[in-house]
Amino acid sequence: MPSVRNPAVAGLFYPRDPRELHAMVGEYLSSAQAAGAVPKAIIAPHAGYIYSGPIAASAYLRIKPARGRITRVVLLGPAHRVGFHGLALSSADYFLTPLGRVPVDQEAVEKISRLPQVHEMDAAHAQEHSLEVHLPFLQEVLGEFNLVPLVVGDAEPGEVAEVLELLWGGPETLIVISSDLSHYHDYKTAQKLDRATSQAIEQLRPEDIQYDHACGRNPVNGLLHMARKRGLKAKTVDLRNSGDTAGTQDRVVGYGAYIFE
């Protein structure tokens with residue numbers, strides 16, 4: 001019997017009902033604006049959809065024209081529940097969401113599992129939301145695709161970049177990095193911090209991004225390392241915070257959407 005990683009935050013971060021989820025993601029995508037080529041990689045946030053869904057949609061709308069062409073998604077997000085060194089794979093054959101099952105690319109998993117910083121660790125995936133919340137967006141914009149899901153713990157940019165290098169592929173492969181920005185500052189302070197982080201991302205300067213700037217610092221910095229090496233350019237396509245979407249402005253979380261071409 002194939003093994004399945006069941007959703008941990010359906011009904012909490014996003015709707016459990018598939019029709020409601022389909023409608024919500026569709027509404028975010030239809031409200032977003034996008035123009036330009038399909039990027040090789042994106043950075044998008046991972047909070048509850050009412051908070052960060054509109055910002056994530058700004059990145060995912062850019063992917064929509066590649067439906068049928070992108071067949072593999074390499075998805076990296078930070079560990080929130082379990083502490084460990086390196087990058088954690090899942091033993092699951094499928095990741096399940098209310099919209100259906102997403103198959104794990106076992107060939108890619110085998111390829112990277114030979115690296116010393118990559119380990120199989122189901123505990124890192126079981127309750128982790130940083131990957132899960134991206135899957136319904138990917139299912140809506142791409143339809144069918146294979147997934148390489150990696151939870152990133154304590155890892156250097158070079159260690160993350162080495163994994164990305166092995167899985168980089170061609171136009172069939174999309175890299176998705178999951179990260180929110182600053183946490184629990186007042187609105188104006190958050191805007192200032194998040195603008196600085198966005199500038200560091202656009203300038204491909206991982207050395208300027210610390211943990212309090214972006215919770216997904218480790219996977220983000222690995223992508224910036226690779227973007228420098230591959231000659232990609234980064235662009236901010238959306239930058240807001242929870243005070244703009246569904247929260248108060250005294251204590252906000254920052255969200256940015258970025259594309260790499």
Side-chain angles (χ1 to χ4, degrees), residues 32 34 36-37 39-47 51-52 54-63 74-80 86-87 117 130-131 133-134 150-165 168 174-245 249 251-261:
K40 175 63 183 179
I42 64 171
I43 300 171
H46 56 235
Y51 298 105
S52 68
I55 296 87
S58 297
Y60 280 112
L61 190 59
R62 291 289 295 263
I63 308 303
V74 181
L75 175 59
L76 282 71
H80 290 86
L87 297 87
Q117 69 270 38
S130 71
L131 306 186
V133 297
H134 289 277
L150 286 157
V151 178
V152 183
D154 183 15
E156 293 298 320
E159 292 180 304
V160 176
E162 188 177 15
V163 173
L164 294 177
E165 179 79 74
W168 197 256
L174 171 70
I175 311 290
V176 177
I177 304 295
S178 174
S179 185
D180 296 339
L181 299 177
S182 65
H183 281 60
Y184 310 135
H185 298 283
D186 65 82
Y187 187 86
K188 292 293 184 186
T189 302
Q191 282 190 317
K192 183 178 178 182
L193 288 169
D194 296 340
R195 278 196 297 265
T197 302
S198 295
Q199 189 173 38
I201 289 171
E202 290 189 334
Q203 293 175 354
L204 308 181
R205 291 182 57 83
E207 59 273 17
D208 290 346
I209 302 174
Q210 305 305 319
Y211 285 113
D212 57 345
H213 299 154
C215 60
R217 168 189 182 265
N218 290 343
V220 166
N221 286 352
L223 175 60
L224 298 186
H225 187 96
M226 273 300 295
R228 268 203 255 191
K229 183 176 179 181
R230 292 270 181 167
L232 298 185
K233 290 187 173 148
K235 179 183 175 187
T236 305
V237 293
D238 203 345
L239 183 62
R240 287 183 264 177
N241 63 52
S242 56
D244 298 310
T245 51
Q249 295 196 347
R251 224 168 153 257
V252 306
V253 177
Y255 310 119
Y258 309 90
I259 58 168
F260 292 74
E261 300 173 297

Any idea which heavy atoms bring Ser52 and Ala47 closest together, and the distance? OG-N, 3.0 Å

Which value, rounded to the nearest 0.5 Å, describes the distance between Asn218 atom CG and Leu87 atom CG? 9.0 Å

Mind checking whether His185 and Lys192 have side chains closer than 4.5 Å, heavy atoms only? no

For Ser182, which of Thr189, Asp212, Asp194 qualifies under side chain to side chain donor-acceptor pair (under 3.5 Å)? Asp194

Measure from the side-chain N and O atoms of His213 to the backbone N and O of Gln210, and report whether any donor-acceptor pair falls under 3.5 Å. yes

Enter the distance from Asp186:CG to Gln249:CD here, rounded to the nearest 0.5 Å. 9.5 Å

Distance (rounded to the nearest 0.5 Å) between Tyr211 OH and Asp154 CG: 5.0 Å

Just do the side chain to side chain contact (heavy atoms under 4.5 Å, CB included) check on Trp168 and Arg230 with the steps written out, would you? CA-CA 10 Å; Trp168 197 256; Arg230 292 270 181 167; 3.3 Å; yes

For Thr245, is there any backbone N or O sitting under 3.5 Å from a side-chain donor or acceptor partner on Arg240? no

Take atom CD in Glu165; do more than 12 heavy atoms of anything else shown fall under 6.0 Å from it? yes

Minimum heavy-atom distance Cys215-Ser179, with the two atoms named: N-OG, 3.8 Å

Steps toward side chain to side chain contact (heavy atoms under 4.5 Å, CB included) verdict (Leu181, Leu239): CA-CA 10 Å; Leu181 299 177; Leu239 183 62; 3.5 Å; yes

Mind checking the CG-CD1 spacing from Leu223 to Ile201? Nearest 0.5 Å is all I need. 9.0 Å

When you compare the side chain of Tyr51 with that of Val252, does any pair of heavy atoms fall below 4.5 Å? no

Donor-acceptor under 3.5 Å (Ser130 side chain, Ser178 main chain): no

Ignoring hydrogens and geometry, is there a side-chain-to-backbone donor-acceptor pair from Asn221 to Pro206 under 3.5 Å? yes

Quick check: do Glu162 and Glu159 have side-chain heavy atoms less than 4.5 Å from each other? no

Looking only at heavy atoms, which two atoms of Ser198 and Thr236 are closest? And how far apart? CB-OG1, 3.8 Å

Please name the pair of heavy atoms, one in Pro78 and one in Pro219, separated by the smallest distance, quoted to 0.1 Å. N-CG, 4.2 Å

Heavy atoms, side chains only, cut-off 4.5 Å: are Asp238 and Tyr255 in contact? no

Rounded to the nearest 0.5 Å, how far apart are CD1 of Ile177 and NE2 of His134? 9.5 Å

Does any non-hydrogen side-chain atom of Tyr258 lie less than 4.5 Å from one of Val237? no

Interatomic distance, NZ@Lys233 vs CD@Glu202, rounded to 0.5 Å, equals 12.0 Å

Would a 4.5 Å heavy-atom cut-off, applied to side chains only, mark His80 and His46 as touching? yes

Which heavy atom in Ala161 sits nearest to a heavy atom in His225, and how many Å separate them? CB-CD2, 3.4 Å

Only counting residues at least two apart or in another chain, list the ones meeting side chain to side chain contact (heavy atoms under 4.5 Å, CB included) with Pro39. Ile42, Arg62, Ile63, Ile259, Glu261

Do Ile209 and Leu224 make a side-chain contact, defined as non-hydrogen atoms from C-beta onward lying under 4.5 Å apart? yes

Taking all non-hydrogen atoms of both residues, which atom of Ala155 and which atom of Val160 are closest, and how far apart? CB-CG2, 4.0 Å

Heavy-atom side-chain contact between Leu164 and Leu76 under 4.5 Å: yes

Side-chain donor or acceptor of Asn241 paired with backbone N/O of Gln191 under 3.5 Å: no

Got a sec, which residues hit side chain to side chain contact (heavy atoms under 4.5 Å, CB included) with Ala56, two or more places apart in sequence or on another chain? Ala44, Pro45, Tyr60, Phe137

